Structure formats: C-alpha cells, structure tokens
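Owing to the predicted nature of the structure, the values given are computational and were not obtained by experimental measurement. Sequence positions, counted from 1, serve as the residue numbers for this chain.
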Amino acid sequence: MTETNSKIQTELLEEPYEPTIIVFACNWCSYAGADLAGVSRLKYPTNIRIVRVMCSGRVDPAFIMKAFLKGADGVLVAGCHPGDCHYLEGNLSTEVRVKNTQEAFDILGWETDRLRLEWISASEGKRFAQIITEFTEQIKELGPIKKR
C-alpha cells in the first residue's frame with residue numbers, strides 16, 4: 001500500500017467531529033420546550049446533554065466552567081423569556097452571569113462563542129430544535145476545544 005493510499009484510508013476511517021454540548025434548561029420553560037420538540041418528533045442533533053434546573057438563575061458560572069473542564073465543547077443556557085420567569089427575575093440574573101462568564105472567557109483567551117444564552121418558552125419546541133441545530137453547527141465550525 002502506498003503512502004497516499006494509506007493516508008486516504010486513514011481519513012476515511014476517521015469519524016467526523018461531533019461536539020459535546022451541555023444545555024442547562026429551566027424546568028418551567030426551556031425544558032418543556034425541549035420536551036415539546038421531542039414529542040413533536042422534530043429533528044435536531046443528538047449530541048446534547050440536557051441538565052434540568054429549576055431556574056436558569058440557578059446556573060452558577062462554576063457549573064459552566066466545570067462543564068468545559070469535563071469535556072464539553074459548548075454550553076447553552078436556556079431560560080424563560082424576560083418577564084415570564086417563574087421566579088420573577090431569575091433569568092435576568094442569568095443574563096448578567098453569562099455575560100460576565102463570557103468576559104472571563106475572553107480574558108482567558110477562550111472562544112466566547114462556545115457559551116450561549118437563549119430564551120425559550122414551553123410552547124417553542126420548534127425554536128428549541130432550531131437553536132440546538134444552529135449552536136451545534138457553530139461549535140462544529142470552531143472545532144474541538146483546545147486543551148492546555
């Protein structure tokens with residue numbers, strides 16, 4: 001076997017990069033939106049892992065950092081739309097926390113696009129599927145996270 005044939009064969013055997021994405025989803029809205037996407041049989045990438053939290057305001061920046069340190073390539077925090085939070089202003093504190101965490105990423109030299117915040121209601125199953133699809137494609141373009 002020639003070197004060229006060996007290289008081509010190796011490239012064909014390699015599986016395409018599939019990122020690992022962690023989704024922190026609010027129990028009342030975003031998780032219900034994910035459930036609606038599922039029962040509606042909407043197609044979206046299966047490489048996500050959903051962590052249900054009672055409120056997006058419960059997502060501490062340490063949870064986000066730990067997800068990346070444990071191998072996540074991207075993290076999506078999904079909560080109720082502003083004004084619809086079951087805990088009044090939990091989602092507004094989430095917005096501040098995510099922005100601060102992205103600023104920390106920037107200081108550390110990490111790609112801030114690996115962390116995303118979205119508002120998804122219980123009736124937005126289609127939107128959930130679209131966001132997951134878009135975010136997965138975005139992370140695929142960034143490639144695997146570089147370990148230091």
Side-chain angles (χ1 to χ4, degrees), residues 8 10-148:
I8 291 171
T10 302
E11 288 174 2
L12 290 175
L13 293 176
E14 288 182 18
E15 293 192 25
Y17 166 66
E18 287 298 329
T20 300
I21 297 173
I22 303 299
V23 178
F24 291 102
C26 152
N27 178 64
W28 305 104
C29 289
S30 302
Y31 188 82
D35 188 46
L36 179 60
V39 298
S40 300
R41 298 182 188 256
L42 300 175
K43 295 194 183 302
Y44 60 86
T46 59
N47 52 342
I48 65 166
R49 301 296 174 260
I50 299 178
V51 178
R52 180 169 39 175
V53 293
M54 290 308 290
C55 177
S56 62
R58 177 65 180 97
V59 180
D60 191 281
F63 299 168
I64 296 168
M65 298 300 277
K66 188 169 184 175
F68 282 108
L69 292 172
K70 293 287 186 177
D73 296 301
V75 171
L76 173 70
V77 180
C80 302
H81 288 274
D84 289 339
C85 180
H86 284 68
Y87 299 99
L88 304 178
E89 297 179 357
N91 53 1
L92 302 180
S93 65
T94 301
E95 189 170 28
V96 171
R97 286 181 178 161
V98 168
K99 285 180 182 177
N100 290 342
T101 305
Q102 286 174 324
E103 287 175 16
F105 277 25
D106 197 34
I107 291 168
L108 293 169
W110 295 4
E111 296 148 322
T112 58
D113 290 344
R114 291 186 182 275
L115 173 59
R116 186 167 169 178
L117 173 65
E118 288 289 342
W119 310 128
I120 303 169
S121 75
S123 65
E124 294 180 312
K126 186 175 181 180
R127 178 171 158 74
F128 177 85
Q130 288 172 336
I131 288 170
I132 294 301
T133 303
E134 285 173 17
F135 190 52
T136 300
E137 289 305 314
Q138 178 182 339
I139 299 300
K140 279 183 180 180
E141 286 179 23
L142 291 172
I145 197 163
K146 289 152 185 71
K147 308 289 184 204
R148 292 184 183 188

Dump the intermediate steps for side chain to side chain contact (heavy atoms under 4.5 Å, CB included) on Leu117 and Leu76, then the final yes or no. CA-CA 6 Å; Leu117 173 65; Leu76 173 70; over 6 Å; no
Any chance you could lay out the side chain to side chain contact (heavy atoms under 4.5 Å, CB included) test for Ile64 and Val59, step after step, and finish with the verdict? CA-CA 8 Å; Ile64 296 168; Val59 180; 4.0 Å; yes
Under the criterion side chain to side chain contact (heavy atoms under 4.5 Å, CB included), I'd like the reasoning laid out for His86 against Met54: C-alpha separation, chi angles, the key distance, then a yes or no. CA-CA 9 Å; His86 284 68; Met54 290 308 290; over 6 Å; no
List the steps, then state whether ring-ring contact (aromatic ring centres under 6.0 Å, His included) holds for Phe68 with Phe105. CA-CA 11 Å; Phe68 282 108; Phe105 277 25; 5.3 Å; yes
Before you tell me yes or no, could you show the steps for Ile145 and Arg114 under side chain to side chain contact (heavy atoms under 4.5 Å, CB included), namely the whole-Å CA-CA distance, both residues' side-chain angles and the distance that decides it to 0.1 Å? CA-CA 9 Å; Ile145 197 163; Arg114 291 186 182 275; 3.9 Å; yes
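No donor-acceptor distance shorter than 3.5 angstrom exists from the side chain of Tyr17 to the backbone of Lys140, with no hydrogens or angles considered. Within the 3.5 Å criterion, the main-chain N or O of Val77 finds no donor-acceptor partner in the side chain of Glu118. In this structure, Ser40 contributes its side chain and Ala37 its backbone to no donor-acceptor pair below 3.5 Å. A donor-acceptor pair is defined here as one N or O able to donate and one able to accept, closer than 3.5 Å; no such pair exists between the side chain of Thr101 and the backbone of Pro61. In this structure, the side chain of Ser30 engages the main chain of Gly79 through a donor-acceptor pair within 3.5 Å. Using modelled atom types, one side-chain atom of Arg97 and one backbone atom of Gly57 make a donor-acceptor pair closer than 3.5 Å.
In this structure, Thr136 and Pro19 have side chains that are in contact, with non-hydrogen atoms separated by less than 4.5 Å. Counting heavy atoms from C-beta on, the side chains of Val51 and Val23 never come closer than 4.5 Å. A heavy-atom distance below 4.5 Å is not found between the side chains of Asn27 and Cys55.
For the residue pair Cys26 and Cys80, the shortest heavy atom distance occurs at SG-SG, 3.4 Å. Heavy-atom minimum distance, Ala25 versus Ile50: CB-CG2, 4.0 Å. What you find for Asn91 and Gly83 is that their closest heavy atoms are ND2-N, 4.3 Å. Pairing each heavy atom of Ala34 with each of Tyr44, the nearest pair is O-OH, 4.4 Å. In terms of heavy-atom proximity, Phe128 sits nearest to Ile120 at CD1-CD1, 3.9 Å. Closest of all the heavy-atom pairs between Ser93 and Gly90 is OG-O, 2.7 Å.
One finds the CG atom of Leu42 at 9.5 Å from the OG1 atom of Thr133 (value rounded to the nearest 0.5 Å). One finds the CG atom of Asp113 at 8.0 Å from the CD atom of Gln102 (value rounded to the nearest 0.5 Å). Rounding to the nearest 0.5 angstrom, the gap separating the CD1 atom in Ile131 from the CZ atom in Arg116 is 6.0 Å. How far CE of Met65 is from CG of Leu108: 5.5 Å, rounded to the nearest 0.5 Å. Of the inter-residue distances, the one linking Glu103 atom CD with Lys99 atom NZ reads 9.0 Å to the nearest 0.5 angstrom.
Remark: the Glu124 side chain and the His81 side chain contain an N/O donor-acceptor pair separated by less than 3.5 Å.
Taking the centre of each ring, Phe24 and Tyr31 stay at or above the 6.0 Å mark.
Within 6.0 Å of CD in Glu89 there are 12 or fewer heavy atoms belonging to other residues, nucleotides or ligands.
Partner Thr20 forms a side-chain contact (heavy atoms from CB on, under 4.5 Å) with one of Asn47, Ile48, Asp73 and no other, that one being Asp73.
Using a cutoff of 4.0 Å between basic side-chain nitrogens and carboxylate oxygens, Glu134 and Arg127 are not scored as salt-bridged.
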